[in-house]
Q: 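What follows is a structure written as structure tokens; I'll ask about it next.
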There are 2 protein chains.
Amino acid sequence: MAWHKQHKVNSKDKILASAAALFTRHGFEKVSINQVMASAKMTRGAFYSHFESKSDLYAQAIIKAAVLAKQQQLEQCSDDLRTMSLTYLSAEHRDEKLENLCPLAFLVTDINQQDEVVKNTYTKIFKGFIEQTQSLTQSKSAALQSAALLIGGLALAKAINDHALSDDLLIACQTGVTELTVRND
Amino acid sequence: MAWHKQHKVNSKDKILASAAALFTRHGFEKVSINQVMASAKMTRGAFYSHFESKSDLYAQAIIKAAVLAKQQQLEQCSDDLRTMSLTYLSAEHRDEKLENLCPLAFLVTDINQQDEVVKNTYTKIFKGFIEQTQSLTQSKSAALQSAALLIGGLALAKAINDHALSDDLLIACQTGVTELTVRND
DNA sequence: GTCTATAAAGGGATAGAC
DNA sequence: GTCTATCCCTTTATAGAC
């Protein structure tokens, strides 16, 4: 691959990484193209040689966010649902202390206001999430319940302003997920 | 109470009802003060004699939305968690066919981008929701899990673009809530 | 491909008449 | 309290130089 071609790929990836971090933290509307490009050390004008529109960026950015969050999770070696729930439903994740945040939880109602391309992308990511939980639970129903407890529990814990109650909620959802796990021991 | 005083109260309530319907459906950013006032059959200029800012309106509107959704639920005579989950986690609620939508589910990530007053209000509403589930479950942990399944499950089902999968998710969460219910029979 | 400059639109908030 | 008119700022998207 030629240098200038690689240059473009690197720039686009930098924009996507910046967008993934900003969108998961602040949502679609509160993030401007200016902010994303500044975070990627570029100016606004360069944006449109990589993306068609802000919505186009958003769709690609949530995929990037999901991939990064998945990589981060694998580094923690969580191969069962119980240990996975401990990091997913952690105070660090809720408080944005982790570098990569799960877009499924942090943008769950944000998606309703977006176009069909974004909704399709979100759904695709969710299906990947379900495949993972399904391989670790007894049934499809248990996999869906786990997903609701994980994603829904984290989103709710984030929205709640009462720290003690939010912590209780995280723990209760961890317990709920654990009880849905296949018992092999 | 004098006529003109009652007039103001009626106007404010009309604005709040319009705002509750619009915000729960489209979120904070996608709704303009213009739209809210037009929906209440008034013009933009009249807005600021009732509310300090758009954010002030939002905080009061989600309370209004919660009250209306609660009234609507009581009309369905759901005095146990199982029947309550059937209407809460219904396709009608998800698809906005009900007149009043639960702000806890439809605005769960929207809240993160708002000021402290809004967050406090959301938390207060959530505590009311928990009190209800707690009176119908065995433990506080079960009450919190139920809330996550109900609110999180509905928010997720709304975000998913795959109709069949979304329906499965609703049913799975209904089942999950039922299993957390106190068995009196 | 990246930059600066600018067009074009939308929306929050205020002023003043009635 | 409600109206019309306006100010002012932000933001998306485009044009054109390098």
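Quick note on labels: first sequence line is chain A, next is B, and so on, each numbered from 1. What's counted below: heavy atoms across the whole structure, side chains too, no hydrogens, waters or symmetry copies. In this text the structure is predicted, and so the values were computed from the model without any measurement.
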Q: Nearest whole angstrom, please: distance from the P of dA13(C) to the CZ of Phe51(B).
A: 13 Å

Q: Would you please classify the geometry between the His93(A) ring and the Tyr88(A) ring as parallel, tilted or perpendicular, with 30° and 60° separating the classes?
A: perpendicular

Q: Find the distance Phe47(B):CZ to dG11(C):C1' and express it as a whole number of Å.
A: 12 Å

Q: List, one per line, each side-chain donor-acceptor pair under 3.5 Å for residues 57-66 of chain B, sequence neighbours excluded.
A:
{"from": "Tyr58(B)", "atom 1": "OH", "to": "Asp110(B)", "atom 2": "OD2", "distance (Å)": "2.8"}
{"from": "Gln60(B)", "atom 1": "OE1", "to": "Lys12(B)", "atom 2": "NZ", "distance (Å)": "3.4"}
{"from": "Gln60(B)", "atom 1": "NE2", "to": "Asp56(B)", "atom 2": "OD1", "distance (Å)": "3.1"}
{"from": "Lys64(B)", "atom 1": "NZ", "to": "Asp13(B)", "atom 2": "OD1", "distance (Å)": "2.9"}
{"from": "Lys64(B)", "atom 1": "NZ", "to": "Asp13(B)", "atom 2": "OD2", "distance (Å)": "3.4"}

Q: For His50(B), give me all partners under ring-ring contact (aromatic ring centres under 6.0 Å, His included), at least two apart in sequence or on another chain.
A: none

Q: Indicate for each nucleotide in nucleotides 2-9 of chain C, in 5' to 3' sequence, whether protein heavy atoms under 4.0 Å reach the base (B), only the sugar-phosphate (S), or nothing (-).
A: BBB-B---

Q: I'd like to check the side chain to side chain donor-acceptor pair (under 3.5 Å) partners of Lys54(B); sequence neighbours left out, ordered by chain and number.
A: none

Q: Can you list the residues that meet the side chain to side chain donor-acceptor pair (under 3.5 Å) rule with Glu116(B), with sequence neighbours excluded?
A: Asn161(A)

Q: To the nearest angstrom, how far is Tyr48(A) atom OH from dT14(D) atom C1'?
A: 9 Å

Q: Cut-off 3.5 Å, no hydrogens considered: what does the side-chain donor-acceptor table look like for residues 39-47 of chain A, sequence neighbours left out?
A:
{"from": "Ser39(A)", "atom 1": "OG", "to": "Ser18(A)", "atom 2": "OG", "distance (Å)": "3.3"}

Q: So if I take residues 20-36 of chain B and measure heavy-atom distances to DNA chain D, which residues fall below 4.0 Å?
A: none

Q: Partners of Asp162(B) by side chain to side chain contact (heavy atoms under 4.5 Å, CB included), sequence neighbours excluded?
A: Thr123(A), Lys127(A), Ile160(B), Ala164(B), Leu165(B)

Q: Got a sec, which residues hit salt bridge (charged side-chain N to carboxylate O under 4.0 Å, His left out) with Asp95(B), two or more places apart in sequence or on another chain?
A: none

